[in-house]
Amino acid sequence: MRREGPVTDWRRLDPRMIVVAPVHALIRLVPLLLIVLVTGRSGDPTRVWISLGIAGLVVVGGLIRWRTTRYRITPERVELHSGWIRRQRRSVPRDRIRTVDLTATLLHRAFRLNVVVVRAAEHGGEHSGLNLDAVSGAEAELLRRELLRHSAAPSEDPAEPQPEPGPTELARLDWRWLRFAPLTFSSLAGFGAIAAAAFNLLLELGVTPRELGGAAFRLLNGTGWTLLVVSALLLAVIGSSALFVARWWGYRLTREPDGTLRVRRGLFTSRSLSVAEDRIRGVGVHEPLLLRAGRGAQTRALAAGLGRERQGGVLQPPVPRAEAHRVAGVALQAPDPTRTALTAHPHAALRRRFTRALGPAAGVVAAAILLGVLDPTRAWIWPWTPVLLPLAALLALDRYRALGHTLTEHHLVSRLGGFSRRTTALQRNGIIGWRVRQSLFQRRAGVVTLEAVTAAGEGGYEILDIAPATAAGLIDAVGSRTGSG
Amino acid sequence: MQSTLPLRPPAHRVDPRARQWWRLRGLGVAAVVALPQLVVALVLGGPLWLWATLIATVVVGVGYAAVVPEILFRIHRWEVTDEAVYTLSGWLVREWRIAPISRVQTVDTEHGPLQQLLGLASVTVTTASARGPVAIRGLATAEARELARQLTETTQATPGDAT
């Protein structure tokens, strides 16, 4: 017998949204309003009216949005109706819900509100999910539990709580991890953003960066350059550390009594990601080159609906490698799935890594020599280019050493990649198909690329350059169990 | 030279008329590329090299239509067993796809205009993954209909899609 009553009725978003949504929109409109107010002839009252008009429209819009948005949770579906002129109706079957995210910006937090984002598994390639922006914190927590509860299991009435154990803490923030912050992509991104901002500012001021570059070249001596580089590096470190703190403040990974993994984090915007644990189809341990150099890694959960965004499914900040593997094991409830010894790939794979890395490098060298012959003033370039060859060879060797795969009792484990190395452990019963590809070159080398197709994460995980017999063996070995899984 | 793949080739070939379909499609693409060149060359009296690229386009198009469809016909194969849908396709890059019946979500039949002209159809089987669809192209219409019916029946009998 399913629960009837208030939850089945149509509900509105929290009334506080009548205030929050317009404030949120107005904050974003501030630059526009300023422009309207500042420009235009002085003493012209229309600009004031325009601003007031815009503000009024935003407030009315917020009111209409609140009035017209309704949602309800029936035993089978979650439905969201919204819009006034353009009506939208979204409906998600509850048994396809895989994750529920709660996010709250500073503004939301000031009003104790939460945005609920529901993600569901695709059906026939169709993307589904819905946003409730926003409901009260208590309501959000209730929704999170209700929506991730199994449709199969009879849902108890939360009015009579049975003695439930509290959430188990699996990991929490260790400030020593801050040392990995500069080794992540966000440090480069942060630095790029600052550089772009400075560049724009210069353009606004009427300084052509090119002239400035020329001037700098003439002005800067050795010490000047060193200072410039050091300060740029320092900026990147500070920027990435600040981002790390904002993103991962208060990080906790817990196992909730209702069988979900929950990641909570965020200094300004608080985030909580919940994944139904029995819907996790695997984990990926990511080691981008810089992070790998610092002996760090980051683990992501693979479940349907996760993995489209860049931060999709991250279970932790960049952490020491051992911690990443530990969390991977915790998420899969298996002893060290991502640290299983892997079978190396055949020699053909090594040859292919070498040709693919050395080929382009040799092309660059040849092009530089040609340029030197055609234009003797640029002949100084080519003697520098052969340094690319050993670099390419190192890269190839590194990429080959990453390659590996194995089939354990419950998981298909594989690893690949140089610049961004990834170890993936995929549950056998999460594999819903196979693709085997063989290019002309691979045919000559006698290898194939095997891709395990899954509904989780990116949809498919590749095992590069293995012998065809190995591929067939893996398919047979997994296939014999998929039926019983 | 070539290692014979121990992955058994699927049992069935596609309909022989599929060769016509691939041929017409190849010629169509060649025509789309060649026509603007011809128009420019004739109307505007384009440069000499335009005639050269035009001739190259025609040669490649006709060459493709003459040779490749036969190769494709020899490679393309499909098979549906009680356990899986299994296809082999591709020419320069060969691709084997396997979708277990128990994971199939939808079965679609489609007839493009060219396919209708030749009495052909394609059956596409999707799973819960965006990378999962398995398509059998160039079946005779009746065969496709029968296959889709049979697949729909079997997949309805097996619940669960591992998402």
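Being a predicted model, the structure only gives us computed values, none of them experimental. Chain identifiers are assigned alphabetically (A, B, ...) following the order of the sequence lines, protein sequences preceding nucleic acid strands; residue numbering begins at 1 within each chain.
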Can you measure from OG1 (B/Thr127) to CD1 (A/Ile432) and round to the nearest 0.5 angstrom? 3.5 Å

Would you say the side chain of [Y] lies within less than 4.5 Å of the side chain of [X], judging by non-hydrogen atoms?
| X | Y | result |
| --- | --- | --- |
| B/Glu95 | A/Gln438 | no |
| A/Thr454 | B/Ser129 | no |
| B/Trp96 | A/Arg437 | no |

Taking all non-hydrogen atoms of both residues into account, name the closest pair between A/Arg435 and B/Arg131 and its distance. CD-O, 3.8 Å

Work out which heavy atom in A/Gly433 is nearest to a heavy atom in B/Pro100; give both atom names and the distance. CA-CD, 3.7 Å

Name the region of A/Gln427, side chain, backbone, both or neither, that has any atom closer than 4.5 Å to a heavy atom of chain B. neither

If you count heavy atoms of other groups shown closer than 6.0 angstrom to CZ of B/Arg137, is the number above 12? no

Determine whether more than 12 heavy atoms belonging to other residues, nucleotides or ligands lie under 6.0 Å from atom CD of B/Glu83. no

